[in-house]
J.: 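Once you've had a glance at the structure underneath, I'll fire off some questions.
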Amino acid sequence: VGPNHRGELWVRGPMVMMGYHRNPEATAATKDAEGWLHTGDVGTVDDDGYLFIVDRKKDLIKTSGFQVWPREVEEALAAHEAVLEVGVAGVPDQTKGEAVRAWVVLRGGQTCGEEELRTFCRTRLAPYKVAVLPLLKKRPEIVELCHRIKSDLQRDVMAVYDDTAAIGKLYRRQDEIGTPFCVTVDVESLEDGHVTIRDRDSMAQERIPAANVKRAILDRMEAARAG
């Protein structure tokens with residue numbers, strides 16, 4: 001692609017891996033016959049030759065035959081003065097295939113409504129990119145804690161997908177044969193150094209020390225893998 005156009009980042013060279021251990025299918029899906037590693041990162045190169053990573057290819061939303069990059073919708077919503085946090089993802093839709101959905105956390109003291117945010121987006125985005133907007137109101141310290149958990153877990157898992165603007169967490173990992181599985185946990189409250197987390201599948205709640213949240217999520221991932 002040309003300058004300032006989006007495309008997937010490919011890399012090749014002696015520093016690139018030879019392949020996945022005992023997993024030729026995963027290797028073939030990631031690395032082509034000419035040795036190019038398809039990173040899954042979407043980037044642009046400006047007129048001066050600088051590369052910018054702007055999105056992830058797998059995050060692309062396909063709705064009613066159109067393609068929507070979550071980052072573009074997130075940036076449009078984040079420009080509103082009332083928005084503190086926002087996350088965008090595609091959700092299944094019987095008519096569209098996928099629908100664009102955004103999870104929004106408002107700044108403290110703000111009373112902006114969903115329709116106001118949609119109207120704001122319509123001035124910046126094509127109509128098919130305007131998202132459904134469930135508003136989430138969480139205390140800033142919970143948002144900060146969730147960001148910290150996500151940052152820590154990225155060193156332990158292959159991918160971390162945040163589907164509710166750092167409030168609910170969807171953690172994905174692949175086992176040694178490439179089978180995906182996930183654990184979904186919501187951070188409900190933070191009091192006296194303890195966190196209440198809720199498993200979205202079983203709806204079971206558990207109150208644990210905030211320092212143990214990472215270990216609790218990793219334990220759930222291992223249990224999901226074993227099951």
Side-chain angles (χ1 to χ4, degrees), residues 1-79 85-93 96-103 124-126 128-129 131 147 149-166 169-184 218 221 225:
V1 296
N4 302 307
H5 287 77
R6 294 187 177 205
E8 183 181 10
L9 178 63
W10 294 5
V11 295
R12 185 172 66 176
M15 69 292 187
V16 174
M17 69 169 188
M18 295 179 64
Y20 291 104
H21 183 57
R22 296 181 181 176
N23 195 338
E25 292 82 7
T27 300
T30 307
K31 195 174 181 182
D32 63 29
E34 296 181 357
W36 288 102
L37 179 69
H38 299 204
T39 67
D41 292 319
V42 176
T44 64
V45 177
D46 67 12
D47 294 328
D48 295 321
Y50 287 95
L51 173 67
F52 298 86
I53 305 297
V54 297
D55 223 317
R56 285 286 296 167
K57 184 178 179 180
K58 291 182 180 179
D59 291 344
L60 179 68
I61 302 168
K62 297 180 180 179
T63 178
S64 299
F66 295 103
Q67 295 185 345
V68 179
W69 294 105
R71 176 77 173 270
E72 181 182 6
V73 183
E74 289 170 350
E75 289 179 349
L77 282 163
E85 297 277 349
V86 57
V88 173
V91 295
D93 185 276
K96 300 178 180 180
E98 283 186 302
V100 182
R101 185 164 186 175
W103 290 264
R124 291 161 170 78
L125 299 170
Y128 63 86
K129 297 179 181 179
H147 276 307
I149 295 169
K150 179 180 178 182
S151 177
D152 288 344
L153 280 171
Q154 282 178 322
R155 293 191 287 268
D156 294 278
V157 302
M158 292 183 66
V160 180
Y161 178 65
D162 177 347
D163 75 336
T164 55
K169 300 293 179 176
L170 178 61
Y171 300 97
R172 302 179 187 272
R173 195 177 185 182
Q174 288 188 330
D175 62 22
E176 63 274 6
I177 60 172
T179 303
F181 62 92
C182 67
V183 174
T184 313
L218 289 174
M221 291 174 66
R225 178 176 177 272

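Note that the structure is a prediction, hence the values are computed from the model and not measured.
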J.: Examine distances only and state if a side-chain atom of Thr63 and a backbone atom of Ala99 form a donor-acceptor pair shorter than 3.5 Å.
T.: no

J.: Are any non-hydrogen side-chain atoms of Val54 and Trp69 less than 4.5 angstrom apart?
T.: no

J.: Decide if atom CE of Met17 counts as having more than 12 heavy atoms of other residues, nucleotides or ligands within a radius under 6.0 Å.
T.: yes

J.: If we only count heavy atoms from C-beta on, is the Val16 to Lys31 side-chain gap below 4.5 Å?
T.: yes

J.: When rounded to the nearest 0.5 angstrom, what distance separates CG in Leu51 from CG in Asp41?
T.: 9.0 Å

J.: What's the spacing between Asn23 CG and Thr30 OG1 if we round to 0.5 Å?
T.: 8.5 Å

J.: With a 4.5 Å heavy-atom cut-off, do Val73 and Ile61 have their side chains touching?
T.: no

J.: Which heavy atom of Val100 sits nearest to which heavy atom of Lys129, and what is that distance?
T.: CG1-O, 3.8 Å

J.: Atom CZ of Phe52 and atom CZ of Arg6: how far apart are they, to the nearest 0.5 Å?
T.: 13.0 Å

J.: Measure the spacing between CD of Glu72 and CZ of Arg124 and express it to the nearest 0.5 Å.
T.: 12.5 Å

J.: With Tyr128, which residues qualify under ring pair (Phe, Tyr, Trp, His ring centres under 6.0 Å), at least two apart?
T.: Phe66

J.: From Glu98 CD over to Leu60 CG, what is the distance, rounded to the nearest 0.5 angstrom?
T.: 8.0 Å

J.: I'd like to know if the side chain of Asp46 reaches the main chain of Asp48, judged simply by a donor and an acceptor atom lying under 3.5 Å from each other, with no hydrogens or angles considered.
T.: yes

J.: Among residues at least two apart in sequence or on other chains, which ones pass side-chain hydrogen bond (donor to acceptor under 3.5 Å, both in side chains) with Lys57?
T.: Glu8

J.: Roughly how far, to the nearest 0.5 Å, is the CG atom of Leu9 from the OG1 atom of Thr44?
T.: 11.0 Å

